[in-house]
Amino acid sequence: NAGVTQTPKFQVLKTGQSMTLQCAQDMNHNSMYWYRQDPGMGLRLIYYSASEGTTDKGEVPNGYNVSRLNKREFSLRLESAAPSQTSVYFCASRQVDRGGNQPQHFGDGTRLSIL
Amino acid sequence: AQSVTQLGSHVSVSEGALVLLRCNYSSSVPPYLFWYVQYPNQGLQLLLKYTSAATLVKGINGFEAEFKKSETSFHLTKPSAHMSDAAEYFCAVTGGYQKVTFGTGTKLQVIP
């Protein structure tokens, strides 16, 4: 009963390095999301994917890319990490049908520090 | 367009006292509203959701929230705070679309 699994849980990068954050869900949800959480700013949407093969920008997409590899997996890539991207990153999934009233399910987060 | 305002980034209550966390929303369509709780070093967990079936919504751990359309509010309450309620609480809104918009969160401190 894993739900949403994020890897890695912690990571330290140097400025300019690249890395990919992985996310997988086992609930057969059609929609997946990447957020960043910074103190006092709540959760800000980076990218989301309404279905396999589609992705859309959220509120703060600059410096990030995403891939919806299949229905289960949604990865977030930092091509050239910057200190401003130091944050806690959360992946979430949700089933969006006509009603649109289903809640999101969250992973435990990836704590990323960029030096 | 949709937005959420949570009044008070930090709230302190005594153990056994009433908990009231405020959330006001803005939405151009009838909203669906959620409250989530986040414990340290964990992800967000759903407390309760409003989906237009009933204006008073009961959630887990004794929490409830009342949807007031005239006040565009969805405040979270609990009659008696417990030490284990110390956490950060987030209100969120969606108009039934893909995007879900979160408030900036309220950290609840429970004083013994």
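All values reported here derive from a predicted model rather than from experimental measurement. Note on naming: letters A, B, ... go to the chains in the order of the sequence lines (proteins, then strands), and numbering restarts at 1 for each one.
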Side chain from CB out, backbone as N, CA, C, O: work out which of these in B/Gln38 comes under 4.5 Å of a heavy atom of chain A, or both, or neither. side chain
Do A/Leu76 and A/Met32 sit in the same hydrophobic cluster, where Ile, Leu, Val, Met, Phe, Trp and Tyr count as joined when their side-chain heavy atoms come under 4.5 Å apart? yes
So do the side chains of A/Met41 and B/Thr104 get within less than 4.5 Å of each other, counting heavy atoms only? no
Segment of B/Tyr36 engaging chain A (4.5 angstrom heavy-atom cut-off): side chain
Leading residue by heavy atom contact count with chain B [cutoff under 4.5 Å; candidates A/Glu59, A/Gln37, A/Lys9]: A/Gln37
Under 4.5 Å between side-chain heavy atoms, hopping through other hydrophobics if needed: is there a path connecting B/Trp35 to B/Val19? yes
Exceeds 12 heavy-atom contacts within 6.0 angstrom, atom NZ of A/Lys71: yes
Rounded to the nearest 0.5 Å, what separates atom CZ in A/Phe10 from atom CG in B/Asn41? 6.5 Å
Tell me, for B/Leu46 versus chain A, whether the close heavy atoms (under 4.5 Å) come from the side chain, the backbone, both or neither. side chain
Neighbourhood of chain B inside residues 103-112 of chain A, taking heavy atoms under 4.5 Å as contact: A/Pro103, A/Gln104, A/Phe106, A/Gly107, A/Asp108, A/Arg111
Do B/Leu47 and B/Leu44 sit in the same hydrophobic cluster, where Ile, Leu, Val, Met, Phe, Trp and Tyr count as joined when their side-chain heavy atoms come under 4.5 Å apart? no
When you group the ILVMFWY residues by side-chain heavy-atom contacts below 4.5 Å and let the links chain together, are B/Phe63 and B/Val110 in the same group? yes
Cut-off 3.5 Å, no hydrogens considered: what does the side-chain donor-acceptor table look like for residues 81-93 of chain B, sequence neighbours left out?
{"unit_1": "B/His82", "atom_1": "ND1", "unit_2": "B/Ser84", "atom_2": "N", "d": "3.1"}
{"unit_1": "B/His82", "atom_1": "ND1", "unit_2": "B/Ser84", "atom_2": "OG", "d": "2.9"}
{"unit_1": "B/Asp85", "atom_1": "OD1", "unit_2": "B/Lys78", "atom_2": "NZ", "d": "3.0"}
{"unit_1": "B/Asp85", "atom_1": "OD2", "unit_2": "B/Lys78", "atom_2": "NZ", "d": "2.9"}
{"unit_1": "B/Asp85", "atom_1": "OD2", "unit_2": "B/His82", "atom_2": "N", "d": "2.8"}
{"unit_1": "B/Tyr89", "atom_1": "OH", "unit_2": "B/Asp85", "atom_2": "O", "d": "2.6"}

Backbone N/O of B/Phe102 and side chain of A/Arg44: donor-acceptor pair under 3.5 Å: no
State plainly whether one hydrophobic cluster holds both A/Leu78 and A/Ile46, where clusters connect Ile, Leu, Val, Met, Phe, Trp and Tyr through side-chain heavy atoms under 4.5 angstrom apart. yes
Are any of the side-chain heavy atoms of A/Leu43 and B/Val100 separated by less than 4.5 Å? no
Heavy-atom closest pair (B/Gln98 atom, A/Tyr48 atom, distance to 0.1 Å) is CB-CE1, 3.5 Å
